[in-house]
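Below is one structure; the comments refer to it alone.
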Amino acid sequence: MTDQVIGRQSAHALINFFDDQHPPLGDFMRDVEEGLSATPRSIPPVYFYDQEGSALFDQITELPEYYVTRTELDLLGKISSELSLRAGAGAVVIEPGSGSSVKIRTLLDALGDASGYVGLDISRDHLIAACEDLARDYPDVAIGAVCANFTAGLKLDHLPLPDGRRLIFFPGSTIGNFEPADARAVLAGFRSGMRKGDAVLIGADRVKDEQILVDAYDDAAGVTAAFNLNLLERIRSELGATLNVEDFTHKSIWNTELQRIEMHLVAQRRTEIELNGKVHVFEVGETLHTENSHKFTPTSFQLLAESAGYTVVKHWSDQAELFSLYWLEPNWEA
Ligand SMILES: C[S@@+](CC[C@H](N)C(=O)[O-])C[C@H]1O[C@@H](n2cnc3c(N)ncnc32)[C@H](O)[C@@H]1O
């Protein structure tokens, strides 16, 4: 079921439409209960992004250690004329997991004549505010917002979109947050909203020197630590858990075998999280695994894309080979 508010006289006066697909909210409790009861313990990263988490993530993107955002933005700027040629006139950009809709500005500037933009995010208030800001700055682009979970596929057919080629923009290496089978399912789900001629522009972080990776997820200023620990604050304040946030510290680890950075919350002393009448005991050093960020080589990314039914039409990287952007098109014969 979807709620649509279409037109500039809507409550969100600056955007063309707001489509609320009501991503289920009640799952936070269930996922945390399951995650605390599992061995090893883990919680899905989607719960990082409340108002505070989204604001902390924005700060992370500006940290000196976090090369991801600035490298991807530089790269987008460098390849702008090629992107504009590939997208063609009047493209409609759809961004799953749009967050603060910052990078899209570089892409819209590169394209020059996009006719529409749809920000899609699970974090409703942050999404609307970001799309309204964008609408203020890009009055010639028809801007819409969709509150949805992009892992459920993209439901776009009912939206009042301009006719141009659809370009699904999935930057920030968000794809790396998923286990390989889930990443494949997410990419395959994007295809459900695509028609012949549409494309995906996706950013994927590269395998590189271990220290660069570990530092990018454990900055000296402690912002990533605050981002990770905010999850415990949410569990305490929103789910009514009893816990001591100070008993945990943030840690980032490079897992060579699985080619990923892992973020953990590590118990510094024997401690407990009590949730819904159940007590979960953490011994010293026990961890709660909160995020994976898989890294790719051009070959491993190509294998992933092909397994999800796409052809890699073009691949770009910065000179230091820190980060890559890929232009994918559905392989309609697959
Ligand atoms: C890391 S931010 C990326 C923001 C932006 N695309 C960029 O690269 O700067 C991830 C965003 O994805 C959203 N998100 C995470 N999982 C999601 C899901 N399953 N469905 C919809 N949005 C999701 C979060 O709310 C957050 O705003």
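All figures in this text were calculated on a predicted structure; none of them were measured in a lab.
Judged by distance alone, the side chains of Asp31 and Tyr47 do bring a donor and an acceptor atom under 3.5 Å apart. Side-chain atoms of Ser293 and Tyr217 include a donor-acceptor pair closer than 3.5 Å. Side-chain contact, Thr224 with Asp219: a donor N or O sits under 3.5 Å from an acceptor N or O. Trp316 and Glu82 are linked by a side-chain donor-acceptor pair at a separation below 3.5 angstrom, with hydrogens and angles left out of the test. Counting only N and O atoms by type, the side chains of Ser123 and Asp121 include no donor and acceptor under 3.5 Å apart. Side-chain atoms of Ser42 and His289 form no donor-acceptor pair, as typed in the model, at a separation below 3.5 Å. With 3.5 Å as the limit, one finds no donor-acceptor pair spanning the side chains of His126 and Asp50. For Ser81 and Ser84, the side-chain atoms include no donor-acceptor pair closer than 3.5 Å. Side-chain polar atoms of Ser192 and Lys155 form no donor-acceptor pair below 3.5 angstrom. Using a 3.5 Å distance cut-off with no hydrogens or angles, the side chains of Arg206 and Ser317 do pair a donor with an acceptor. Side-chain N/O atoms of Asn292 and Asn177 include no donor and acceptor closer than 3.5 Å. Side chains of Glu257 and Asn255: no donor on one and acceptor on the other come within 3.5 Å. With hydrogens and angles left out, the side-chain atoms of Thr271 and Asp247 include a donor and acceptor closer than 3.5 Å. No hydrogens or angles considered: nothing links the side chains of Glu329 and Thr311 as a donor-acceptor pair under 3.5 Å.
Leu303 is not connected to Leu328 by any chain of hydrophobic side-chain contacts under 4.5 Å among Ile, Leu, Val, Met, Phe, Trp and Tyr, and they are in different clusters. The hydrophobic clustering, which links ILVMFWY residues whose side-chain heavy atoms are closer than 4.5 Å, places Val186 and Leu258 apart. Cluster membership for Val102 and Leu325, using ILVMFWY side-chain heavy atoms within less than 4.5 angstrom, is not shared. Taking hydrophobic clusters as Ile, Leu, Val, Met, Phe, Trp and Tyr residues chained together by side-chain heavy-atom distances below 4.5 Å, Met263 shares a cluster with Trp254.
Residues Arg165 and Lys196 have side chains not in contact (no heavy-atom distance under 4.5 Å, counting atoms from C-beta outward). Inter-residue side-chain proximity for Glu286 and Val281 is flagged as unmet; no heavy-atom pair is nearer than 4.5 Å.
Geometrically, Arg41 engages Phe282 in a cation-pi contact, judged by NZ or CZ lying under 6.0 Å from the ring centre and within 45° of the ring axis. Both the sub-6.0 Å distance and the 45° axial angle are not jointly satisfied by Arg105 relative to the ring of Tyr138.
With Gln268 contributing its side chain and Val266 its backbone, the two residues share a donor-acceptor pair below 3.5 Å. Side chain of Glu72 to main chain of Thr69: no donor-acceptor pair is present (N/O by atom type, distance under 3.5 Å, no hydrogens or angles). Judged by distance alone, with hydrogens and angles left aside, the side-chain atoms of Arg70 form a donor-acceptor pair with the main-chain N or O of Tyr66 at under 3.5 Å. Under a 3.5 Å cut-off, the side chain of Lys208 and the backbone N or O of Leu322 do form a donor-acceptor pair. Proximity of a side-chain donor or acceptor of Asn244 to a complementary backbone N or O of Glu246 within less than 3.5 Å is not detected.
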- [ ] Give the intermediate values and the outcome of ring pair (Phe, Tyr, Trp, His ring centres under 6.0 Å) for residues Phe296 and Phe323.
- [x] CA-CA 9 Å; Phe296 301 90; Phe323 196 88; over 10 Å; no
- [ ] Begin from the C-alpha positions of Phe150 and Phe170 and carry the test ring pair (Phe, Tyr, Trp, His ring centres under 6.0 Å) through to its verdict.
- [x] CA-CA 11 Å; Phe150 64 66; Phe170 200 47; 5.3 Å; yes
TODO: Would you please test Ile168 and Leu201 for side chain to side chain contact (heavy atoms under 4.5 Å, CB included) and show each step?
DONE: CA-CA 6 Å; Ile168 295 175; Leu201 177 65; over 6 Å; no
Open item on the list: side chain to side chain contact (heavy atoms under 4.5 Å, CB included), that's the test. Do Thr106 and Asp109 meet it? Break it down for me.
Closed with: CA-CA 5 Å; Thr106 308; Asp109 294 344; 5.7 Å; no
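The 12-atom threshold is not exceeded at CD of Gln319, counting heavy atoms of other residues, nucleotides or ligands nearer than 6.0 Å. Other residues, nucleotides and ligands contribute only 12 or fewer heavy atoms inside 6.0 Å of the NZ atom of Lys251. Atom CG of Asp163 has 12 or fewer heavy atoms from other residues, nucleotides or ligands within 6.0 Å.
Glu33 and Arg30 are not joined by a salt bridge, as no carboxylate oxygen comes within less than 4.0 angstrom of a charged side-chain nitrogen.
A ring-centre distance under 6.0 Å is not found for Phe48 and Phe57.
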